[in-house]
K.L.:
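Got a structure here, written out as structure tokens. Questions coming.
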Amino acid sequence: MINRTQEEITAHWPTNETPLVSIRCTTFNQEEFIAQCLEGFLIQQTDFPFEICVHDDASSDHTADIIREYEFKYPKIIKPLYETENQWSKNDGSFTRIVTSMLTGKYIAMCEGDDYWTDPKKLQRQVEFLEKHSEYSLSAENGYTLFTKNGVVKPFSNDPECELSFDELLIKRRFPTASVLYPRKYLIEYQKLDVPAFDSSLWAFLSTKGKVHFDPVISSVYRRGPGITENNKIRWAYSSEELNNEVEKYYKPNATVRKARKRTLFFDFKAGWKAAKEQGKKKDARKLLFKMIFKTPSFFMKDFIKCKGSYYKKKLATKFWNIYYTVAPARNLNKVNDRKVPIIISLTSYPARFKTLHLVIKSLLNQDMQPNKVVLYLDKTVTLNELPTNVLKLQKKGLVIRNICEDIKPHKKYFYAMQEYPDAAIITVDDDVIYTKDTVSSLYKSYLKNPNSVSARRVHQISRGLNGESMPYNTWDEEVKTLKTGDKNAFSVGVGGVLYPPKIFDFSKPYLQSATIIQQCLKADDIWLAFIERANNISVCYVPNKHPHPYEILDSTLKKTALRNQNVFESQNDLYIKNCRNYFRFDL
């Protein structure tokens, strides 16, 4: 419980005035969250009075007991109503009428019992805005979405400060319910009408009464996940259809809005259909497939063609490039004299992958922008006789082989190249995929624009918790194409091809000694390099491209030997991240 007393909260309030703001909080069986919700209200710092109207809808757990504790400590501020019979389940409007009757303020702020506010200036800021701008009927702010299943948080919206139109509010949710403030008179007017009774409908209605202001400041947390927000995708698919019908009936949206809502409806049907198939609910699966085909036919066909077309296109392309590099000759590397900074492609390999290694190297020699050298770094225990003839022959085309390395696993591909070619741009690649012909050119163009950044064709977005810590690797968003240079959540993935500028790392540092690498992070070079980049304030730049993940080599041995099996699927990456945190004394 917070330490602020009732007197401290009300110290700057005018005496004997009615509340300017009524905080509407509805709750049912939320004993785990209700205290945090109430404390988010009580941290508010205002020069006007507000009331906290808490409606407990006959909770069967200890939610009501917790509310009573706060009511006892803050009797002038917290005004609860404890139901003995659940009103929501009656579905006759009783719930809405009762909750609305509790509210007396000029303005209404909303927050469900499982969400909470984080900014003590939220109410003061929004009231001042609406008081100064009478042409606005709704003030909304941004918030975090907290996924309770894994603890990841993400901004609810990425929009800048703006005014939101009626059409925009009907198309999709733009802000969390816990972020809003609006005049009570409009709520009373809204509830007298025969309108769809859900939040987005209220926001659309309010937009007909004035302007809607969105402020990107994050001031609340919206919980989402099993046991919190309705997480039944099958049920939501049916509900989405009902809501869509109500919106079209009452608001009669234009063609653009109807199309956007139909698109959303299709993906709700699709999510419900997938969930039904996974759960073995054949009847629901058939019904939702029927709705996808006949209720949203144009979106069904587009999605079907896109998914199947993309699948078969990549499958055919993969087979083509496997065959092509099996029979096609490799180009000779030509000397490039007019390039200010030479390009060195560096990779490493080991005997289990030698069988298909020539396919990888051919794809690197046949780039539309040829590198100055392609260098293969091998463990010093490997003899050249172990390499297949089809790899050894590529030395005549420009391949350089160095079997001089200590066994530092995937780290070999950057560790030795950066020291052997300190004035070159080093492009590291993997040895189990075929690279598209624009790999070098796209990376080098990015380097010329961002000479002090690491350029990567494949970038993940690090997921974070509420306190800013990085979350488990398997919760990160893969192949994100919207991250800007300098975004601290950008994580470069080596398999796509990564370019490192000349002399970007200082090899006199302890973390670039082989003994340290072996001890701390032997089999996860991407993670080790990410920590080194963070230690030196080196940013990651995403390189736009059509194929962030190169083409697969069709050989079952490669899948069996992939480090991804351990690092990703067996969560070894999280252990390496933990090691790195302890070693570097900071987080990604």
Side-chain angles (χ1 to χ4, degrees), residues 1-90 94-124 126-127 176-182 184 187-188 219-223 227-228:
M1 190 172 285
I2 64 172
N3 295 322
R4 292 183 80 197
T5 65
Q6 182 170 265
E7 289 69 28
E8 289 173 328
I9 294 172
T10 62
H12 300 288
W13 293 5
T15 56
N16 301 321
E17 283 198 17
T18 57
L20 184 64
V21 176
S22 294
I23 301 172
R24 176 186 182 272
C25 177
T26 57
T27 185
F28 174 72
N29 285 355
Q30 293 169 333
E31 63 179 1
E32 187 179 349
F33 311 113
I34 190 63
Q36 190 173 28
C37 177
L38 294 174
E39 298 206 359
F41 304 149
L42 294 167
I43 64 171
Q44 295 302 304
Q45 300 170 6
T46 67
D47 58 14
F48 55 80
F50 61 82
E51 61 180 357
I52 302 172
C53 302
V54 190
H55 180 270
D56 177 70
D57 202 13
S59 293
S60 58
D61 61 3
H62 294 288
T63 300
D65 296 333
I66 296 169
I67 296 170
R68 287 189 177 95
E69 291 181 29
Y70 282 88
E71 178 191 9
F72 178 78
K73 189 173 181 180
Y74 305 97
K76 292 182 180 179
I77 302 172
I78 296 180
K79 301 176 182 179
L81 177 60
Y82 306 99
E83 298 284 2
T84 56
E85 181 183 8
N86 187 272
Q87 301 299 313
W88 178 263
S89 60
K90 292 181 178 180
S94 302
F95 179 86
T96 301
R97 288 192 297 272
I98 293 170
V99 173
T100 303
S101 67
M102 299 173 64
L103 312 174
T104 63
K106 179 181 178 181
Y107 297 108
I108 294 173
M110 298 174 67
C111 185
E112 304 297 332
D114 53 5
D115 301 330
Y116 62 99
W117 296 349
T118 57
D119 186 342
K121 296 293 185 180
K122 175 191 181 296
L123 278 187
Q124 184 72 38
Q126 289 185 290
V127 166
T177 299
S179 76
V180 302
L181 185 78
Y182 57 89
R184 180 170 66 98
L187 176 64
I188 295 171
S219 58
S220 62
V221 173
Y222 161 62
R223 284 189 173 93
I228 310 297

K.L.:
Please list, chain by chain and in numerical order, all residues satisfying side-chain hydrogen bond (donor to acceptor under 3.5 Å, both in side chains) with H62, sequence neighbours excluded.
P.N.:
D65
K.L.:
Mind checking side-chain hydrogen bond (donor to acceptor under 3.5 Å, both in side chains) for K121 and listing every partner two or more places apart, or none if nothing turns up?
P.N.:
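side-chain hydrogen bond (donor to acceptor under 3.5 Å, both in side chains) list for K121, sorted by chain: Q45.
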K.L.:
Begin from the C-alpha positions of I52 and L38 and carry the test side chain to side chain contact (heavy atoms under 4.5 Å, CB included) through to its verdict.
P.N.:
CA-CA 8 Å; I52 302 172; L38 294 174; 4.2 Å; yes
K.L.:
Could you measure the distance from the CE atom of M110 to the CG atom of D115? Nearest 0.5 Å is fine.
P.N.:
10.5 Å
K.L.:
For a quick test of reading the model, state the closest non-hydrogen atom pair linking A178 to W117 and the distance between them.
P.N.:
O-NE1, 2.9 Å
K.L.:
Going by the rule side chain to side chain contact (heavy atoms under 4.5 Å, CB included), which residues pair with E39 if we only count those two or more places apart in sequence or in a different chain?
P.N.:
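Partners of E39 by the side chain to side chain contact (heavy atoms under 4.5 Å, CB included) criterion, ordered by chain and then number, come out as M1, I2, Y70.
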K.L.:
For a quick test of reading the model, state the closest non-hydrogen atom pair linking V180 to P176 and the distance between them.
P.N.:
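Here V180 and P176 meet closest at CG1-O, 4.0 Å.
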K.L.:
For S60, give me all partners under side-chain hydrogen bond (donor to acceptor under 3.5 Å, both in side chains), at least two apart in sequence or on another chain.
P.N.:
N29
K.L.:
Counting only heavy atoms not in W88 (residues, nucleotides, ligands), do more than 12 fall under 6.0 Å from its CH2?
P.N.:
no
K.L.:
Which residues pass the side-chain hydrogen bond (donor to acceptor under 3.5 Å, both in side chains) test with T177, not counting sequence neighbours?
P.N.:
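Listed in chain order: R173, D199.
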K.L.:
Could you check if a side-chain atom of Y107 sits within less than 4.5 angstrom of a side-chain atom of F50, using non-hydrogen atoms only?
P.N.:
no
K.L.:
Do V127 and T46 have side chains that approach each other closer than 4.5 Å (heavy atoms only, starting at C-beta)?
P.N.:
no
K.L.:
Just wondering, do V21 and L181 contact through their side chains at under 4.5 Å, heavy atoms?
P.N.:
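Result yes, sub-4.5 Å side-chain heavy-atom pair found.
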K.L.:
Could you give the distance from CZ (F28) to CD1 (I34), rounded to the nearest 0.5 Å?
P.N.:
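The CD1 atom of I34 is 13.0 Å from CZ of F28, to the nearest 0.5 Å.
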K.L.:
Name all residues meeting the side chain to side chain contact (heavy atoms under 4.5 Å, CB included) criterion together with L81; count only those two or more places apart in sequence or in a different chain, and write none if there are none.
P.N.:
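Side chain to side chain contact (heavy atoms under 4.5 Å, CB included) list for L81, sorted by chain: H55, E83, I98, M102.
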K.L.:
Quickly, which of Q30, Q36, E112 forms a side chain to side chain donor-acceptor pair (under 3.5 Å) with R223? Name it, please.
P.N.:
Q36
K.L.:
If you take all heavy atoms of P49 and P14, which pair is closest and at what distance?
P.N.:
CD-CD, 3.9 Å
K.L.:
The criterion is salt bridge (Lys or Arg N to Asp or Glu O under 4.0 Å); which residues satisfy it with K106, sequence neighbours excluded?
P.N.:
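Partners of K106 under the salt bridge (Lys or Arg N to Asp or Glu O under 4.0 Å) test: E131.
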K.L.:
Check side chain to side chain contact (heavy atoms under 4.5 Å, CB included) between S89 and all other residues, then give those that pass, not counting sequence neighbours.
P.N.:
N86
K.L.:
Any side-chain heavy-atom pair from F33 and I66 closer than 4.5 angstrom?
P.N.:
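Counting from C-beta outward, F33 and I66 never come under 4.5 Å.
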K.L.:
Could you give the distance from OG1 (T5) to OH (Y74), rounded to the nearest 0.5 Å?
P.N.:
7.0 Å
K.L.:
First locate atom SG of C37, then atom CG of L42, and finally report the distance between them rounded to the nearest 0.5 Å.
P.N.:
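If we round to the nearest 0.5 Å, C37:SG and L42:CG are 9.5 Å apart.
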K.L.:
Which is it for F48 and H12 under the side chain to side chain contact (heavy atoms under 4.5 Å, CB included) test, yes or no, and what are the steps along the way?
P.N.:
CA-CA 7 Å; F48 55 80; H12 300 288; over 6 Å; no
K.L.:
Please name all residues satisfying side chain to side chain contact (heavy atoms under 4.5 Å, CB included) with K76, sequence neighbours left out, ordered by chain then number.
P.N.:
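In terms of side chain to side chain contact (heavy atoms under 4.5 Å, CB included), with neighbours along the sequence ignored, K76 is linked to Q6.
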K.L.:
Which pair of non-hydrogen atoms, one from P80 and one from I67, has the smallest distance, and what is that distance?
P.N.:
CB-CG2, 3.9 Å
K.L.:
Quick check for you: to the nearest 0.5 Å, what is the distance between I43 atom CD1 and D119 atom CG?
P.N.:
7.5 Å
K.L.:
Any donor and acceptor pair, going by atom type alone, linking the side chain of S22 with main-chain N or O of L103 inside 3.5 Å?
P.N.:
no
K.L.:
For the side chain of T27 and the backbone of G113, is there at least one donor-acceptor N/O pair under 3.5 Å apart?
P.N.:
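Here the side-chain-to-backbone pair does not exist.
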K.L.:
According to salt bridge (Lys or Arg N to Asp or Glu O under 4.0 Å), does anything in residues 11-27 pair up with another residue at least two apart or in another chain? List the pairs.
P.N.:
none
K.L.:
Tell me, do C53 and C25 make a side-chain contact under 4.5 Å, heavy atoms counted?
P.N.:
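Heavy-atom side-chain distance check fails, nothing below 4.5 Å.
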K.L.:
Run the numbers on Q44 and K122 for side chain to side chain contact (heavy atoms under 4.5 Å, CB included), then give the verdict.
P.N.:
CA-CA 7 Å; Q44 295 302 304; K122 175 191 181 296; 3.7 Å; yes
K.L.:
Applying salt bridge (Lys or Arg N to Asp or Glu O under 4.0 Å), which residue pairs with at least one partner in residues 40-60 are found, sequence neighbours left out?
P.N.:
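Salt bridge (Lys or Arg N to Asp or Glu O under 4.0 Å) check on residues 40-60 returns E51-K79.
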K.L.:
Which heavy atom of L123 sits nearest to which heavy atom of A109, and what is that distance?
P.N.:
CD2-CB, 3.9 Å
K.L.:
Under the salt bridge (Lys or Arg N to Asp or Glu O under 4.0 Å) definition, can you give me all pairs with a residue in residues 4-14, not counting sequence neighbours?
P.N.:
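Output for this query is empty, none listed.
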K.L.:
Quick check for you: to the nearest 0.5 Å, what is the distance between E85 atom CD and Q87 atom CD?
P.N.:
6.0 Å
